[in-house]
A.B. asks: 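Structure in structure tokens, see below.
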Amino acid sequence: MFRNQYDTDVTTWSPAGRLFQVEYAMEAVKQGSAAIGLRSKTHVVLACVNKANSELSSHQKKIFKVDDHIGVAIAGLTADGRVLSRYMRSECINYSFTYESPLPIGRLVVQLADKAQVCTQRSWKRPYGVGLLVAGLDESGAHLYYNCPSGNYFEYQAFAIGSRSQAAKTYLERRFETFQNSSREDLIKDALFAIRETLQGEKLKSSICTVTVLGVGEPFHILDQETVQGLINAFEMAGEEAPAADQGAAGEEGAAGEEGAAAEEGAATEEGAATEEGAAPMEI
Amino acid sequence: MNLMDSTHSNPMSLCSQADSQRTLYPYVTGTSVIGVKYKDGILMAADMGGSYGSTLRYKSVERMKPIGKHSLLGASGEISDFQEILRYLDELILYDNMWDDGNSLGPKEVHSYLTRVMYNRRNKFNPLWNSLVLGGVKNGQKYLGTVSMIGVHFEDNHVATGFGNHLARPILRDEWHEDLSFEDGVKLLEKCMRVLLYRDRSAVNKLQIAKITEEGVTISQPYSLKTFWGFSAFQNPTVGAEGSW
């Protein structure tokens, strides 16, 4: 993307029918550190890479609990993300108060999208520079949505945003058809693998990532570092390159070790079989 | 949606000219509503009377209405306020349907919403002069609750408003049980309505029974209860105290 004479205002169209300021806002999302989400029929997992400015500082919070049944992971301008999270929390709590019932996630993402759209049509505003992966439950089960600075939103089986997210997306594209019926544990494992893809060789440790789970009967919560490190150790011990194609395994953290061993043999055949999939999830 | 309109611009909301803008007393009122949970859902009964003070003026007032797909609302108290509540709920259900997303407001949500409305109006000293019974079934879950004009709200297996609390609830406490059949439920409600007919001066002998199940709402055609007045004590009623006074 190069500078041009139509990119100063969000209220100026280009002759090709583009709003460059909105597109530049979406670039900001691509610069943020990676966040990924995946869902099954009953659970949604959000995970993100924690980048700290320097060794001396703490890392930024990128995953927020919005309500017991909704969580959001952000990538881009985290300040904008915090403001939108506060809006989402406010909407959820007001709905809960009036109706004594959780706000259906489908409605929250529409409200969020409409809020983002306003900023693409006012000369005195700028678009939010943050992409949101919203995980939540409603009457029809578990859902994962991606909200763009443009005001668009899409539902996904699995998605990744932020820097080096393409590597994670490639991994998720290979595996996404199994997610719908995945167990909770397999879903978390897949999330960790996807995160590892974005690290491009850097060692995956629980100190540089955050993993959160939400499910039917399981309120949104962040997995503690010990649990995450335990899961990482379990599959790394077995030297897994990619998980097995079998979905029967209902691993607890203890059982993950034996899954890892079985997966090693499965991995080689898996690579061969996977390439013929080619089916891509919904893209923007 | 602007529910609370007239009084908020005037700070002296309790006195002088502002009084013409708030409810002081009811005019046309309905009497008791009774609701019970039964095997397949909720049964509700209410007569069709609209009293104008002590005059039994209107005799075809429908005091129970379906709300959305999953709820049934019965009201006692000021009929015009009930009609206002129906307008609010109509708008609420309309917006809910407009989302067109497979989610819908169930009886619990409608009950909570009504509680908020009633309590907010009470806080502004401009109540909707009603006692409401809200029943429904959603995803197999039965729900029965009540809200009063001051915002008191609760759920129970059987509820009633007004005189029903004093005359019908004791009968229900003794005779209600889990998983009543439809026939038994109707018999129980009729027993309560008959007592109310005998003892409540604002009751009229024309009632409807409404049922709500997972399938939907059915409100019966109006009918009347058989009564018996042939007690021997009613022959020569003044035999113990002759003379007029």
Side-chain angles (χ1 to χ4, degrees), chain A residues 39-42 44 66-71 87-88 90-117 132 134-147 151-157 180 214-217 220 282, chain B residues 1-4 67-71 73 85 88-123 128 132 134-147 151-156 214:
Chain A
R39 71 153 163 116
S40 70
K41 232 182 334 216
T42 52
V44 196
V66 168
D67 201 342
D68 283 335
H69 69 297
I70 299 184
Y87 168 75
M88 292 164 77
S90 175
E91 291 298 297
C92 279
I93 214 170
N94 286 336
Y95 188 93
S96 277
F97 174 70
T98 306
Y99 300 101
E100 291 248 350
S101 206
L103 174 59
I105 186 189
R107 300 190 180 186
L108 179 61
V109 295
V110 175
Q111 286 173 253
L112 199 53
D114 289 348
K115 190 173 165 69
Q117 190 279 340
L132 303 119
V134 192
L137 303 176
D138 73 17
E139 274 182 37
S140 43
H143 298 270
L144 173 68
Y145 292 90
Y146 171 55
N147 279 69
N152 283 326
Y153 70 98
F154 304 89
E155 185 166 4
Y156 285 93
Q157 190 74 48
Q180 186 67 358
L214 162 68
V216 175
F220 181 88
M282 300 148 267
Chain B
M1 177 173 26
N2 188 9
L3 310 177
M4 344 286 178
I67 309 291
K69 285 194 291 265
H70 308 284
S71 315
L73 175 67
I85 290 171
Y88 290 154
L89 288 175
D90 198 45
E91 197 174 331
L92 181 75
I93 299 292
L94 178 71
Y95 280 108
D96 187 46
N97 290 340
M98 273 166 60
W99 282 101
D100 198 17
D101 66 351
N103 292 302
S104 53
L105 293 172
K108 183 185 176 59
E109 288 81 18
V110 177
H111 184 227
S112 285
Y113 172 79
L114 287 171
T115 304
R116 290 296 116 229
V117 172
M118 302 300 273
Y119 183 65
N120 266 279
R121 290 287 298 254
R122 164 260 194 206
N123 281 337
L128 288 159
L132 305 168
L134 196 293
V137 193
K138 189 169 176 209
N139 299 334
Q141 293 271 63
K142 301 187 280 243
Y143 188 92
L144 180 62
T146 181
V147 194
V152 173
H153 63 285
F154 52 90
E155 288 170 59
D156 207 340
E214 193 75 56

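Computation of the quantities below employed the complete heavy-atom set of this structure, encompassing side-chain atoms and omitting hydrogens, waters and symmetry-equivalent molecules. All chains are named by letter (A, B, ...) in the order of the sequence lines, taking the proteins before the strands, and each is independently numbered beginning at 1. If you're wondering where the values come from, they're calculated on a predicted model, not measured in any experiment.
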A.B. asks: Do A/V134 and A/M88 touch side chain to side chain, with heavy atoms closer than 4.5 Å?
C.D. replies: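 Of all side-chain heavy-atom pairs linking A/M88 with A/V134, at least one is under 4.5 Å.
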A.B. asks: Hey, is A/K115 close enough to A/E91 for a salt bridge, meaning N to O under 4.0 Å?
C.D. replies: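 No.
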A.B. asks: Measure distances from A/F97 to the heavy atoms of chain B and classify the residue's part below 4.5 Å as side chain, backbone, both or neither.
C.D. replies: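 Both the backbone and the side chain of A/F97 come within 4.5 Å of chain B.
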A.B. asks: I'd like to know whether B/M118 forms a side chain to side chain contact (heavy atoms under 4.5 Å, CB included) with B/L128, so could you lay out the CA-CA distance, the side-chain angles of the two residues, the decisive distance to 0.1 Å, and finally the verdict.
C.D. replies: CA-CA 6 Å; B/M118 302 300 273; B/L128 288 159; 3.9 Å; yes
A.B. asks: Would a 4.5 Å heavy-atom cut-off, applied to side chains only, mark B/W99 and A/V110 as touching?
C.D. replies: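 Sidechains of A/V110 and B/W99: in contact.
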A.B. asks: Is B/D100 in contact with chain A via its backbone, its side chain, both, or neither, using a 4.5 Å heavy-atom distance?
C.D. replies: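 Contact with chain A is absent: no heavy atom of B/D100 under 4.5 Å.
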A.B. asks: Could you check whether atom OH of A/Y153 has more than 12 heavy atoms from other residues, nucleotides or ligands sitting under 6.0 Å from it?
C.D. replies: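 Counting other residues, nucleotides and ligands, OH of A/Y153 stays at 12 neighbours or fewer.
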A.B. asks: Can you name the residues of residues 103-112 of chain B that have some heavy atom under 4.5 Å away from a heavy atom in chain A?
C.D. replies: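 Under the 4.5 Å heavy-atom cut-off, B/N103, B/S104, B/L105, B/K108, B/E109, B/S112 qualify.
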A.B. asks: Taking side chain to side chain donor-acceptor pair (under 3.5 Å) as the test, write out the residues that go with A/D68, two or more places apart.
C.D. replies: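 Scan of A/D68 (side chain to side chain donor-acceptor pair (under 3.5 Å), adjacent residues dropped) gives A/K65.
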A.B. asks: Is any side-chain heavy atom of B/D96 closer than 4.5 Å to a side-chain heavy atom of A/R107?
C.D. replies: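 Yes, at least one pair of side-chain atoms sits under 4.5 Å.
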